[in-house]
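Taking it in order: structure first as structure tokens, then the write-up.
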Amino acid sequence: MPKQENCRILQHQQIASTVFKLTLSSPNLCQEAKPGQFVNIRVSSKYDPLLRRPLSLHRIIKKDNAFQLLYEVVGKGTAILSQTKPGDDLDILGPLGSGFSLPSEKQTIILVGGGMGVAPLVNLAEKIKDQRPKTKDQIIAFIGAGTKAKLYCEKDFKQIADKVLISTDDGSHGEKGFVSDLLYSRLTIHDSRPASIYACGPYAMLEAISNIARKNKIPCQVSMEAKMACGIGTCMGCVIKTKNGYKKVCDDGPVFDAAEIIWD
Amino acid sequence: MPKQENCRILQHQQIASTVFKLTLSSPNLCQEAKPGQFVNIRVSSKYDPLLRRPLSLHRIIKKDNAFQLLYEVVGKGTAILSQTKPGDDLDILGPLGSGFSLPSEKQTIILVGGGMGVAPLVNLAEKIKDQRPKTKDQIIAFIGAGTKAKLYCEKDFKQIADKVLISTDDGSHGEKGFVSDLLYSRLTIHDSRPASIYACGPYAMLEAISNIARKNKIPCQVSMEAKMACGIGTCMGCVIKTKNGYKKVCDDGPVFDAAEIIWD
Amino acid sequence: MGLKTEIAGIKMKNPVMVASGTFGYGEEPSKYVDLNQLGAIITKTVTLEPREGNPPPRICETSSGMLNSIGLQNKGISDFVNLALPFLAKFKTPVIVNIAGDSPEQYAKLAKILSREPIVKGLELNISCPNVKKGGLQFGTDHDATSNLVKTVRKATNLPLIVKLSPNVTDITVIAKAAAKAGADAISLINTFLGMSIDAETKHFNLGAKTGGLSGPAIKPVAVRMVWQTAQVVKIPVIGVGGIMNGNDAIEFFLAGASAIEVGTANFIDPQAPLKIVKEIEEYLKKHNLSHYKALIGKVN
Amino acid sequence: MGLKTEIAGIKMKNPVMVASGTFGYGEEPSKYVDLNQLGAIITKTVTLEPREGNPPPRICETSSGMLNSIGLQNKGISDFVNLALPFLAKFKTPVIVNIAGDSPEQYAKLAKILSREPIVKGLELNISCPNVKKGGLQFGTDHDATSNLVKTVRKATNLPLIVKLSPNVTDITVIAKAAAKAGADAISLINTFLGMSIDAETKHFNLGAKTGGLSGPAIKPVAVRMVWQTAQVVKIPVIGVGGIMNGNDAIEFFLAGASAIEVGTANFIDPQAPLKIVKEIEEYLKKHNLSHYKALIGKVN
Ligand SMILES: Cc1cc2nc3c(=O)[nH]c(=O)nc-3n(C[C@H](O)[C@H](O)[C@H](O)COP(=O)(O)OP(=O)(O)OC[C@H]3O[C@@H](n4cnc5c(N)ncnc54)[C@H](O)[C@@H]3O)c2cc1C
Ligand SMILES: Cc1cc2nc3c(=O)[nH]c(=O)nc-3n(C[C@H](O)[C@H](O)[C@H](O)COP(=O)(O)OP(=O)(O)OC[C@H]3O[C@@H](n4cnc5c(N)ncnc54)[C@H](O)[C@@H]3O)c2cc1C
Ligand SMILES: Cc1cc2nc3c(=O)[nH]c(=O)nc-3n(C[C@H](O)[C@H](O)[C@H](O)COP(=O)(O)O)c2cc1C
Ligand SMILES: Cc1cc2nc3c(=O)[nH]c(=O)nc-3n(C[C@H](O)[C@H](O)[C@H](O)COP(=O)(O)O)c2cc1C
Ligand code: FES
Ligand code: FES
């Protein structure tokens, strides 16, 4: 069950100029959370900013009863968050949302992360690896970013995945170009074993990945974003258009079958 | 001239459970400031709280080009302020307001401070002592508070003043009772040399002091408070009733001749 | 402890309700709060037919507030009766159903249907939603339309009728008096202010529907003023809504003349807000040596 | 750089003015900002006779906003002409004088007096002050009264007339159209919302006048919406006011349809706000490769 709880900050590391890794204590979250789920954080007791901020579960560290978030400072909410220190408590709602559906049969797991979109995929990769240590399933991670300095979690993926392919828009690391182009160019390489794509990143990237998946008839799950008010499914504020009508990102998602989404 | 400037925090000490002493760098303020003036501080770049917070100049430390504020955390603005650290910059307007009129002839200087009202009186006492080291003028400080733990600056006054008289409402330190009662009971003790009263503290105390001064025909200056928007005299928001119509605390004051104020 | 009350004939254990549209039909929030501790649950606006609502984005944060343009998305009254009400029936808390329609007749029809449901203890007429072309603001900004609507619904049901007013008017007291005279048992105010937000970078409206309703602490001063004005001109209870985040805010509305309050946006920021508010009111009563919160109503000076 | 403009025939070096009542008559703020860098200075409302204003407290902070109940305290028109105008004459910036009265005739009389002063480049009619019993809101919330007032002043002066509207109305476009038809050269909006705040602990009104006007970032979404609505129905320029704190806020108003903006409450938080806003607009134009800010007006999509 999701909970509202005050989670103690255990660690707060700056891992790049605007990116932070936050480690929080919560036995409940560790117990309950599935990859692809998120937490909704109250960053300030003042009313500006007013709303909570959603962040994906980046890693679960069972042995410490802790979980990690990986976030970029993009505005005032995340800026305030970045000022918090170990020992502080944060008012957190979670775990929220549906999460990724894990593969039920042996297959090639294709992770595609753009920018901060890598955050929940690490959690997913670790979970898959955990659950199926002995299968021969390949995990292939495609990670992309605008430039080398903005490419995160390369090391994490290298530890977990069988293969890590990298692209940057400016070619400063890995292939030059979008990660969706990289995926497209490498898809044919894979054998005909069943495969699934799990993608998280900017809207345009997810749309491109979704098209690639459709053309290649590969099932594809995408983690979507929307502005949220409640994060728990009551306000109907975070909807996106799907073939089955408006669906709530916080509740029906954030992970959706890419084929269900009406991209605009 | 008053200025808007970013002042570097040099020191920030917690001197009691809810009281802080903040040392800031500003050559301009050191140069310009008169006792009884104040600064108006932007404590947050967010809009809640929205307005600046006024604090009296507590001490000027010429040799360091620094000034000190002494403040109590009473709400969200001062709470945010109390989180700032040496090295941070604060957006400050000042020096603002009229300040105390210094005594022009030899006399007994009677300072009366209640609670945080002691803050500007230290500045005043130091200035008077500075300017007239060789006069035989007595400085007598009456300081009061609810209880011993809330009595501040006793040491400071003991260094500057010739006599320090103390009262607490609960009798935990000095005389038991209000500082105005203490003043009243001791006034007769003084000789008939000219005297002036300088008072700062809660409204009710200032009203009582003002009555005592009137009955004893002693000139009395009081430092008043009001909710402020601009702090610089444009908004007309901080007025109090005087015999000469509404006057602005930020601009005509905060120091007023007690006889001018219409107490309600 | 000094919180029991009765508003428009509806018995409540305390005067703290949850505002329509900010608590769904109670199911999701029930994971975080004990519904039995609430004064009443006001359900998200239901209409006769399903409505798909407005295109996204539907939410935009503003300074100490938020804009929403949900547009009354809901699955219609039969779905509500069949699925939402049975869930709510599990709790002892009175259920007040907030309804809207395109015409007085639709409101009346909804009222009739809901009158048959024993767990429904009252109706709140949403005549103030700024987010739909029909069935919202056009009633709540005109006193004749308000009067006519309330009279029509009054004839259709014996359920207590709370009429929820819009702040987007020149004189709230005119509309309030019209509602009272037409048979309302209580007035609730305020619904949201019509607002807009534009992204300077992209030049796009921040809401798919262009405009939305402003709620949250930003609007509290206007809500308090309107409650104060209204409480002076109507004899029926006034329910205060608008930016209530904590116990002191609730007290402020009582002092202004509110007989009860609704907690809206605060539910998003803190699902436990309504219960914390109940506790804080209790603490206030204790501190101020008051035996009942009713001693506060209208007592500003 | 792309900021020169002319509003209601008043030439300005940029479209950033300071709002009435938030900049006095320019003297105190001149210690912190170079008045020559402003688009125009709109002076605090002046009336025929001196007014002492409302009893304190007059200021109350609210979430992302503030209430004020100054009540048009001022020393009257002759003091203004004799003392304030000579100070302002030292600067090149156009001076727009904001006026109010108890009757259309008083407005007209003020207009006549000010028409004789060459440094006065325009008038802003305050028909929207919520803080006085007379001469404020009662004009600005009725389209006939607005029309009548504007016509009367129009006859009394050739100075450009900006009519400042109140947000405390059901439909801002009705009042705006009435003002435009009656001869206004521009519309400015919004003045403050009527609000109230109560201290829960003391049970007192936080303002001596009980109610006050709400301003600041809290009201920006409503101001943007009203500017957007108004710009669509009048041909004269619309000047946007309400919660503008930075360059992006100003851009938001331009996109909504404002031809210029006024900075109000922000002056209290940061006396240099208007100049920072000018700079931030310039940076925005550069970043977006626009040669003039006018390319933004009404361009929201
Ligand atoms: C389910 C979900 C999971 C997320 N996980 C992560 C994560 O793991 N790491 C991470 O860095 N970010 C994540 N985000 C995005 C993150 O929530 C926003 O970056 C954050 O809320 C911005 O807050 P702010 O106050 O700093 O920025 P603001 O000042 O609010 O805005 C700055 C910029 O960020 C955009 N933004 C603001 N809120 C959101 C939002 N809810 N969704 C998308 N964009 C937004 C704004 O449009 C604006 O351009 C996630 C979002 C969702 C919906
Ligand atoms: C000229 C002047 C000089 C001052 N000097 C000092 C000083 O040297 N040291 C010090 O500790 N305090 C001083 N004060 C009071 C100080 O400004 C307030 O305590 C502070 O602004 C409270 O801000 P807050 O956000 O923490 O409290 P809030 O959350 O705003 O309010 C908490 C409580 O403080 C009261 N309060 C808030 N603002 C003011 C204000 N401007 N004046 C009076 N009461 C207020 C409120 O009514 C409320 O009861 C001075 C005030 C003035 C006007
Ligand atoms: C996301 C959201 C959805 C809302 N939906 C409804 C609704 O369906 N019916 C209704 O009468 N009011 C609705 N409201 C208005 C609230 O019930 C309340 O009147 C308003 O938000 C002001 O209170 P607050 O500031 O506490 O939120 C909604 C408000 C929000 C924020
Ligand atoms: C303290 C204060 C005094 C004001 N006085 C006047 C006034 O005298 N005349 C007037 O037309 N508007 C007056 N206003 C309204 C402002 O000019 C402006 O319309 C309003 O505050 C909204 O803009 P803002 O949110 O940027 O402050 C005043 C506002 C404040 C805050
Ligand atoms: S954020 Fe409220 S329903 Fe999703
Ligand atoms: S605070 Fe604005 S005039 Fe004093």
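Per chain, numbering begins at 1; letters A, B, ... match sequence-line order. From a predicted model like this one, the values you see are computed outputs, not experimental measurements.
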Segment of D:E27 engaging chain B (4.5 angstrom heavy-atom cut-off):
neither

Interatomic distance, D:M66 atom CE to B:K227 atom NZ [nearest 0.5 angstrom]
11.5 Å

With a 4.5 angstrom heavy-atom cut-off, which part of D:P217 approaches chain B: side chain, backbone, both or neither?
side chain

About how many Å separate NZ of D:K31 and CG of B:L93, when rounded to the nearest 0.5 Å?
11.0 Å

For the OH atom of B:Y246 and the CG atom of D:N54, what is their distance to the nearest 0.5 Å?
7.5 Å

Using a cut-off of under 4.5 Å on heavy-atom pairs, state which of D:G65, D:P56, D:G24, D:P29 scores highest against chain B.
D:P56

For the atom pair OG (D:S63) and CG (B:D48), what is the distance rounded to the nearest 0.5 Å?
5.0 Å

Just wondering, do D:Q73 and B:K248 contact through their side chains at under 4.5 Å, heavy atoms?
no

With heavy-atom distances below 4.5 Å as the criterion, would you say the side chains of B:L50 and D:T62 are in contact?
no

Residue part contacting chain D, namely of B:L96, when any heavy atom lies under 4.5 Å:
side chain

Would you mind checking which part of D:N74 comes under 4.5 Å of any heavy atom in chain B, side chain (CB onward), backbone (N, CA, C, O), both or neither?
neither

Checking D:R58 side chain against B:V239 main chain: does a donor-acceptor pair fall under 3.5 Å?
no

Quick test of your reading of the model: are B:K76 and D:E61 salt-bridged, counting only N-O distances below 4.0 Å?
no

Taking C-beta and beyond as the side chain, do D:Y32 and B:M1 meet within less than 4.5 Å on heavy atoms?
no

Is any side-chain heavy atom of B:T234 closer than 4.5 Å to a side-chain heavy atom of D:F268?
yes

Under a 4.5 Å cutoff for heavy-atom pairs, which residue among D:P55, D:G208, D:G216 has the most contacts with chain B?
D:P55

Ranking B:N40, B:I240, B:D91, B:I232 by heavy-atom pairs under 4.5 Å to chain D gives rank one to B:I232

Is it the backbone or the side chain of B:A229 that comes under 4.5 Å from a heavy atom of chain D, or both, or neither?
both

Between atom CD1 of D:I59 and atom SG of B:C235, what is the distance when rounded to the nearest 0.5 Å?
4.5 Å

Engaged part of D:D270 at the chain B interface, taking heavy atoms whose separation is under 4.5 Å
both

